[in-house]
Structures are given as C-alpha cells and as structure tokens.
Amino acid sequence: AMEKSYVCVFLLLIAISCALAKDAGKKDTKDTTAKPKLPQTLSRGWGDQLIWTQTYEEALFRAKHSQKPLMIIHHLEECPHSQALKKVFAEHKDIQKLAEKFILLNLVYETTDKNLAPDGQYVPRVLFIDPSLTVRADITGRYSNRLYAYEPSDISLLYSNMQKALKLLKTEL
C-alpha cells in the first residue's frame, strides 16, 4: 500500500510540473513582475478565474475571518467521476458566479480532519463549512450511501446547495 501512495504522489508531481511548464510558455506577454498566478494552478480546472485557497488551514482561517462559507471539493485527477463533475462545474456559468461568494478549496488528498469525511473518504465529495467552522451535515447530495457525492447530472442540486449554504449564513449570523 505504501508504494502505491508514493506512485500517486510522484505522478501528481509530474503532472503539476508539466502543467506549470505549459503555463510558463503561454503567458509571457503579460507583465512579468506580477506574482505567479496562483488561482490558475490551485483551481486544478474547477474554475481558473476563481480564487482558491492553498491549504485547509488557510481556508478555515479565511472562512472565519471573512464570514464567508467554505466549500471543499475532494477529488482525484485519475478518477473519471471527479473529472466529469469538474467539467460540468467549471462550465456552469451560474455556479462559477456564485462560487465567488465562497472561500474555495479543492483537495486531491485527505486532511487529518475526520470532520471532512463524515461518511467516508470517497471522491468526488463536496462539503460546506460555515464561518463558525462547522461542517454543514444538513447540506447533502441525493445519495444516502454517499451523502456528499455529486454526479454530473446533480449539478443543479449542487448549485441549489451552494445557494442554501449562503442563505443559511444570513439567517444564522
């Protein structure tokens, strides 16, 4: 089992360095003094124009201090279900617009926080966390055996759950 996880990490590093190299070649016309465009790589394709946090700790900090809800997407690059959900998520104009009101984090690894895997470590799964840093167990998808899973066909449910996360915020704070 150990070897396998190393292989995954190694492949991921290769993929990331390829992606970075590709980006470097593309955008040399823009001013070079700007910081490297973090959101581009941190988005991992879930919304390149959105601002994504780098770590879970940073995401919690920002949620708490901005009083915005946090949306965490767990996914894996080699998982076809993750890829399919990512595609519809990134192409959904209303979701991309609404996502600006959230602190955003997408993860390709599990954190040590068991609260982020209330019913198991599967991908893709999407959890909402409010600024009091509580996982919203009341905002779930349609599958009773995988509460936080969404299929591409559930994209409108995910959209309404995002609206719900923002609405709950207003009524509770």
Side-chain angles (χ1 to χ4, degrees), residues 12 16 19 37-173:
L12 196 65
I16 289 170
K37 236 179 100 213
L38 279 178
Q40 185 70 29
T41 49
L42 288 176
S43 81
R44 296 189 180 91
W46 289 86
D48 290 344
Q49 80 294 349
L50 294 166
I51 295 167
W52 296 84
T53 46
Q54 196 152 10
T55 63
Y56 179 47
E57 292 69 30
E58 180 198 347
L60 291 177
F61 179 86
R62 287 178 53 179
K64 190 173 177 174
H65 290 273
S66 67
Q67 293 298 299
K68 287 177 170 182
L70 163 60
M71 177 164 63
I72 298 185
I73 304 169
H74 289 85
H75 64 108
L76 285 171
E77 296 295 344
E78 64 273 21
C79 162
H81 301 286
S82 295
Q83 292 293 1
L85 184 64
K86 178 198 296 195
K87 189 175 177 348
V88 294
F89 185 94
E91 289 170 2
H92 194 294
K93 300 268 185 292
D94 293 333
I95 279 187
Q96 292 289 310
K97 183 118 196 70
L98 199 58
E100 294 172 6
K101 298 186 160 79
F102 288 80
I103 302 299
L104 299 168
L105 177 67
N106 69 76
L107 292 174
V108 288
Y109 54 86
E110 293 292 338
T111 69
T112 52
D113 187 347
K114 295 286 170 278
N115 295 312
L116 291 188
D119 64 343
Q121 299 185 336
Y122 51 88
V123 292
R125 71 180 195 279
V126 182
L127 290 101
F128 295 94
I129 297 175
D130 65 29
S132 75
L133 305 188
T134 307
V135 172
R136 299 306 307 224
D138 52 343
I139 306 181
T140 56
R142 69 172 85 246
Y143 308 102
S144 53
N145 61 333
R146 295 256 188 278
L147 290 177
Y148 306 95
Y150 297 85
E151 294 279 320
S153 56
D154 304 326
I155 197 70
S156 57
L157 174 62
L158 181 54
Y159 178 62
S160 64
N161 277 349
M162 289 169 71
Q163 291 173 310
K164 190 170 161 188
L166 289 164
K167 223 179 260 120
L168 284 170
L169 202 63
K170 290 196 180 61
T171 56
E172 287 172 9
L173 289 180

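Keep in mind the model is a prediction, meaning the values are calculated, not measured.
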Apply salt bridge (charged side-chain N to carboxylate O under 4.0 Å, His left out) to [X] and list each qualifying residue two or more places apart in sequence or on a separate chain.
X	value
Glu58	Arg62
Lys86	Glu77
Lys114	none

Any heavy-atom pair between the side chains of [Y] and [X] that's under 4.5 Å?
X	Y	result
Tyr143	Glu151	yes
Leu147	Pro118	no
Val123	His81	no
Val135	Leu116	yes
Leu158	His92	no
Leu105	Leu107	yes

All ring pair (Phe, Tyr, Trp, His ring centres under 6.0 Å) counterparts of [X], not counting sequence neighbours:
X	result
Phe102	Phe128
Tyr150	none
Tyr122	none

Next item on the list: Apply the test salt bridge (charged side-chain N to carboxylate O under 4.0 Å, His left out) to residues Asp154 and Arg142: give CA-CA distance (whole Å), side-chain angles for both, the deciding distance (0.1 Å), then the verdict.
Entry: CA-CA 8 Å; Asp154 304 326; Arg142 69 172 85 246; 2.6 Å; yes
Next item on the list: Taking all non-hydrogen atoms of both residues into account, name the closest pair between Ala63 and Pro131 and its distance.
Entry: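 Nearest heavy atoms, Ala63 then Pro131: O-CB, 3.6 Å.
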Checklist line | Nearest non-hydrogen partners of Ala90 and Gly45, listed with the distance | finding: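 Shortest heavy-atom separation between Ala90 and Gly45 comes out as CB-O, 3.4 Å.
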Separation of [Y] [atom2] from [X] [atom1] (nearest 0.5 Å):
X	Y	atom1	atom2	answer
Leu127	Leu70	CG	CG	9.0 Å
Ser66	Phe61	OG	CZ	10.0 Å
Ile139	Asn161	CD1	CG	6.0 Å
Leu50	Ser43	CG	OG	8.0 Å
Gln163	Ile95	CD	CD1	9.5 Å
Tyr159	Lys164	OH	NZ	15.5 Å

Next item on the list: Determine yes or no for a side-chain-to-main-chain donor-acceptor pair under 3.5 angstrom, with Asn106 supplying the side chain and Leu42 the backbone.
Entry: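 Yes, Asn106 side chain to Leu42 backbone: donor-acceptor pair under 3.5 Å.
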Checklist line | Main-chain N/O of Ser132 paired to Gln67 side chain as donor or acceptor, under 3.5 Å | finding: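 Checked: no pair found.
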Note to self: Once you measure the plane-to-plane angle for Trp52 and Phe89, does it fall in the parallel (<30°), tilted (30-60°) or perpendicular (>60°) bin?
What the structure shows: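 Trp52 and Phe89: tilted rings.
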Note to self: Assess the residue pair Ile129 and Ile72 against the criterion (side-chain contact (heavy atoms from CB on, under 4.5 Å)); give the C-alpha distance rounded to whole Å, side-chain angles, the decisive distance to 0.1 Å, and a yes or no.
What the structure shows: CA-CA 8 Å; Ile129 297 175; Ile72 298 185; 3.8 Å; yes
Item checked: NZ/NE/NH1/NH2 to OD/OE distance under 4.0 Å, Glu110 and Arg125 ->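 Between Arg125 and Glu110 there is a salt bridge, with a charged N closer than 4.0 Å to a carboxylate O.
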Item checked: Sidechain N-carboxylate O distance under 4.0 Å for Arg136, Asp130 ->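 Looking at Asp130 together with Arg136, the answer is yes, because their closest N to O distance falls below 4.0 Å.
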Margin query: Checking Leu98 against Leu166 for the side-chain contact (heavy atoms from CB on, under 4.5 Å) test, could you report, in this order, the C-alpha distance in whole Å, the side-chain angles of both residues, the deciding distance, and whether it holds?
Written below: CA-CA 9 Å; Leu98 199 58; Leu166 289 164; 3.6 Å; yes
Checklist line | Leu85 vs His75, side-chain contact (heavy atoms from CB on, under 4.5 Å): CA-CA, chis, key distance, verdict | finding: CA-CA 9 Å; Leu85 184 64; His75 64 108; over 6 Å; no
Margin query: We want to know whether Thr111 and Asp113 form a side-chain donor-acceptor pair, criterion being a heavy-atom distance below 3.5 angstrom.
Written below: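 Not at all, the side chains of Thr111 and Asp113 share no donor-acceptor pair under 3.5 Å.
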Check: Do Met71 and Ile103 pass the side-chain contact (heavy atoms from CB on, under 4.5 Å) test, and can you show the C-alpha distance, the side-chain angles, and the key distance before you say yes or no?
Finding: CA-CA 6 Å; Met71 177 164 63; Ile103 302 299; over 6 Å; no
